[in-house]
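See below for the structure under consideration.
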Amino acid sequence: MAKATFKIWRGDSSGGEFKSYDTEISPGMVVLDAVLQIQGEQAGDLACRWNCKAGKCGSCSAEINGNPKLMCMTRMNTLPQDAPITVEPMKAFPLKKDLVTDVSWNYRVKEKIKKFKPRPPDATDGTWRMVQEDIDRVQEFRKCIECFLCQDVCHVLRDHHKHEEFIGPRFLVYAAALEMHPLDTEDRLRDLKDESNIGLCNITKCCTKVCPEGITITDNAIIPLKERVVGEFYDPITRFLKLFRKKR
Amino acid sequence: MAAEYQTFEHDVLVIGAGGAGLRAAIEASTAGVSVGLVCKSLLGKAHTVMAEGGMAAAMANVDDRDNWKVHFSDTMRGGQYVNNWRMAELHAKEAPDRVRELEAWGAVFDRTKDGRILQRNFGGHKYPRLAHVGDRTGLEMIRTLQDHGIHQGIEVYMEVTVIALLKDGDRVVGAFAYEREHGRFRIFKAKAVILATGGIGRAYKITSNSWEGTGDGHSLAFDAGAELLDMEFIQFHPTGMVYPPSVRGILVTEGVRGEGGILKNSEGRRFMFDDIPANYKDQTSDTPEEGWRYVTGDKNARRPPELLTRDHVARCIVREVKAGRGTPNGGVYLDIAWIKEKISNAPEHIKKKLPSMYHQFKQLADLDITTEPMEVGPTTHYIMGGIRVDADTQASTVAGLFAAGECAAGINGANRLGGNSLSDLLVFGKRAGEYAAKFAQENDFGQINSEQIEQTVKWALEPFEKQTGENPFEIQHELQEMMQDLVGIVRTEDEMQRALIGVRELRKRSKNVKATGNIDFNPSWHTALDLHNLLNVSEAITLAAIERKESRGGQFRDDYPAKDAEFGKVNFTIKKDAGGEMKIERVTILEMPAELKQIIEEMG
């Protein structure tokens, strides 16, 4: 059976290094299989997160040969095997150990976004009516598995470390799903402008490229949100009308 | 001393943050008590995200003949009447409200033409009953609960593993845990504890479960003196992936069959027509043509045999493979591509209805399900058995301890219908939260027994104290192989007796495992401690399966292939005896009230 060489980052917040492991490759194997095999046979204390092993939970995010991916959905046969395969943790978050990063910032950010607030039920049976066409877009956003790969590649976070100012693509998608939810009545536009600093996104679409769920993050979520923010706060006609409304 | 460890206090402590745990935590916090929620992974990653097909609730949005009575009757029939009928009743009555509640919290279900929640067909359900979002319903559910729950003031402890329930006399008064990052121990004091830890799939080699499914709740409850129930009943989902080897066991949703997918053997025969159980004859179509009419919404058609209950479909697949009519990789074919003969836009339709299946096969098996059949075979999916609970309150047999979801037993009897799990999580998660909060309001904190903590710490640190010792992953692997081979889909007395000896042997060896490296985020240590739970549940499953000398639902005995009416009147419970050993007992099922009996008779 074929063997492959892996260079896996081992270390913690105080430092670390790539270590080499050789392991056997069987048909259909994904990178996560190899990492778990190495863990089971050679390096019992190799830390990594995983759960579903089917691209549905978003736990096993890592950078494979420099590309942010889910380890469970990266087939070995898609990687060149004449050179060692590198596996390292996401870079936009502090390292805990080996492949495990501290993603708690993401959970704190989400809590700050105003929750779903539906309008009162409109049908006589106490429920709502929504047509499929009106929810297709929201359903696309709700496919997000929170792997945080989009956050990992967003240079506002990764390179400029603006975690305190900017919420990142994941939470712009989350906000978009709420804002475009047909039942929602909350207004998050001011927060998006002032707290989330949506303006920091300069639409390089790196997030869209790495999304394992194929969510068109930039075009379908971020740009429409930016347009709404612009319409609300920068459009002269809207501003004038608002002024008028206030006076009245 | 206990004082060395950081201590947290909550009125209600919920262990497990899947659907049941989250729903319980939300309910308890709504009742005004302080709630702690402990989970082994990050929040939102629990196994609930893997649920694909939908949640069963008789809302009658698609077929107005549906109501709770039909759902109740379907659940009892599917469970072969050894279910806790009160739980089946509560579940059928309350599931619609629980689904609507999710919508009010932001869930976005697929819609009917008139804008209501769409419902799909599933095995064993008489009418289209599963509220769903494509084939990622579990993700929708967990995300909705998570996003609602984070605004409730629930304290969440992620990547924390509970290793013992703390007792004050006969009452559970908290839990003892370690956090993964640095292996630090934690004391959780609580007035009431809810176990919502999910399943046991990791006791088997081929499973749809993640690393988390190690039977923690079952084992913690057993250790604390609670009773387990129905442990012999394990659901082998008929359609797991079989090829390539690295994906073996990953779930292929029953939704594929709900949307018209058919099962064929290597000879191209639709073998499910060959064996239709007597009690489903009247509800099952005779011809492929009628089956197709059913899945496309003809109310006068009966469902195709592919949508018989999971236990039966799994056994038919095993039979085909054993008879040499399997696929090259030891499965059978599941074909959804064939619907192109019936509808013009089949590939688009399949991708729309089953997007994650399309994605999963394309990416993991280089296979396009819109043009080719899938290879599938049974995979360990779910345990019907679990902690014995009171139907209304979800209280276990130990004071202060509650359980909900997969780790609790009763509603499903000998076999669970697809879609009944997600609704079970919501219905009984809510009830557990409500009654645990009530218990907490009526009781004070108990005393923490420092001796128990010292013993637990000593036990937990043993894997670091060995100079030499076995690899915990190796023991886990051997246990999985053994349970798969000896206590799998088809069981015999002789094999299970061997398994019992095997489990005891592995238990001895597990005391001599060694963790590699230090205590920081160390999977070899975590696995070493998980072994205790896996061995407990494996032993319980085997004992119960030996005792039930008949075939029913998830239990199929080659040496007792028929159903035995006498065994239909009993459940088996397992608890710890005075010497700490497992003691199995036979309990008679309480007689069903006349009105419920009548429903079952009326539904045929």
Side-chain angles (χ1 to χ4, degrees), chain A residues 12 26-30 33 39-41 43-59 72-73 75 77 96-98 100 102-104 107 110-111 115-116 118 121 123 126-132 134-135 138-139 142-146 174 177-178 181 183-184 213-214, chain B residues 41-47 49-50 100 103-106 108 110-111 113-118 133-134 136 138-140 143 147-148 150-151 156 158 181 210-212 243-247 250-251 355-356 359-360 363-365 471-474 477 515-518 520-525 527:
Chain A
D12 55 27
S26 54
M29 213 164 176
V30 294
D33 292 317
Q39 183 189 73
E41 293 170 357
D45 59 346
L46 165 58
C48 75
R49 288 195 181 104
W50 68 281
N51 282 76
C52 76
K53 218 174 109 47
K56 295 193 171 76
C57 75
S59 300
C72 72
M73 296 302 276
R75 292 275 297 272
N77 63 7
K96 281 194 173 190
K97 185 187 162 191
D98 302 338
V100 174
D102 179 358
V103 292
S104 58
Y107 288 87
K110 190 186 241 185
E111 270 181 51
K115 68 186 282 194
F116 175 65
T127 63
W128 294 270
R129 298 288 179 270
M130 290 186 271
V131 291
Q132 186 64 43
D134 288 345
I135 58 166
V138 176
Q139 286 189 329
R142 292 182 67 89
K143 287 195 307 194
C144 172
I145 55 174
E146 300 198 333
Y174 178 67
L178 288 164
H181 194 304
L183 306 184
D184 184 69
E213 287 295 306
Chain B
S41 287
L42 296 173
L43 187 62
K45 309 297 183 195
H47 203 59
V49 300
M50 284 293 281
R100 291 186 199 112
E103 181 155 274
W105 293 348
V108 186
D110 288 353
R111 316 308 291 182
K113 288 232 160 45
D114 65 347
R116 294 187 293 170
I117 294 172
L118 181 62
V133 186
R136 54 162 193 88
L139 173 68
E140 186 70 15
R143 201 64 82 228
D147 295 350
H148 184 76
I150 56 174
H151 297 286
V156 183
M158 296 188 219
E181 186 174 8
S210 82
W211 67 270
E212 293 196 292
Y243 191 84
S246 68
V247 298
I250 294 179
L251 191 65
S356 65
H359 189 60
Q360 183 173 310
Q363 209 150 344
L364 296 176
N471 178 352
F473 292 104
E474 179 56 34
H477 180 74
T516 329
N518 68 22
D520 294 343
F521 216 118
N522 184 337
S524 71
W525 181 48
T527 301

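Throughout, a chain's letter reflects where its sequence line sits, starting with A, and its residues are numbered from 1.
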What I'd like to find out is whether the side chain of [X] reaches to under 4.5 Å of the side chain of [Y], using heavy atoms alone.
X        : Y        : answer
A:Glu213 : B:Arg136 : no
B:Glu181 : A:Asp102 : no
B:Asp147 : A:Lys115 : no

Would you compute the distance between atom [atom1] of [X] and atom [atom2] of [Y] and round it to the nearest 0.5 angstrom?
X        : Y        : atom1 : atom2 : answer
A:Glu146 : B:Leu43  : CD    : CG    : 8.5 Å
B:His359 : A:Lys56  : NE2   : NZ    : 8.5 Å
A:Trp50  : B:Lys45  : CH2   : NZ    : 14.5 Å
B:Leu42  : A:Tyr107 : CG    : OH    : 4.5 Å
A:Ser59  : B:Glu212 : OG    : CD    : 8.0 Å
B:Trp211 : A:Arg49  : CH2   : CZ    : 10.5 Å

Top contributor to chain A interface from [options] [non-hydrogen pairs under 4.5 Å]:
options                                : answer
B:Arg100, B:His47, B:Glu103            : B:Glu103
B:Gly134, B:Pro245, B:Ala104           : B:Ala104
B:Leu139, B:Leu251, B:Asn518, B:Val156 : B:Leu139
B:Ser246, B:Ser524, B:Pro472           : B:Ser246
B:Pro244, B:Gly517, B:Ser41, B:Gly106  : B:Gly106
B:His477, B:Lys113, B:Met158           : B:Met158

With chain B as the partner, which of [options] has the greatest number of non-hydrogen pairs under 4.5 Å?
options                            : answer
A:Gln139, A:Glu111, A:Lys97        : A:Gln139
A:Ala123, A:Cys48, A:Gly58         : A:Gly58
A:Val100, A:Val30, A:Asn77         : A:Val100
A:Met29, A:Gln39, A:Met73, A:Arg75 : A:Arg75

Engaged part of [X] at the chain B interface, taking heavy atoms whose separation is under 4.5 Å:
X        : answer
A:Asp33  : side chain
A:Leu46  : backbone
A:Asp134 : neither

B:Glu140 vs A:Arg142, side chain to side chain contact (heavy atoms under 4.5 Å, CB included): CA-CA, chis, key distance, verdict: CA-CA 7 Å; B:Glu140 186 70 15; A:Arg142 292 182 67 89; 2.6 Å; yes

Minimum heavy-atom distance B:Pro523-A:Gly44, with the two atoms named: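 Looks like CD-O, 3.5 Å.
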
Side chain, backbone, both or neither: which part of [X] has a non-hydrogen atom closer than 4.5 Å to chain A?
X        : answer
B:Asp520 : both
B:Ala365 : backbone
B:Leu364 : both
B:Trp105 : backbone

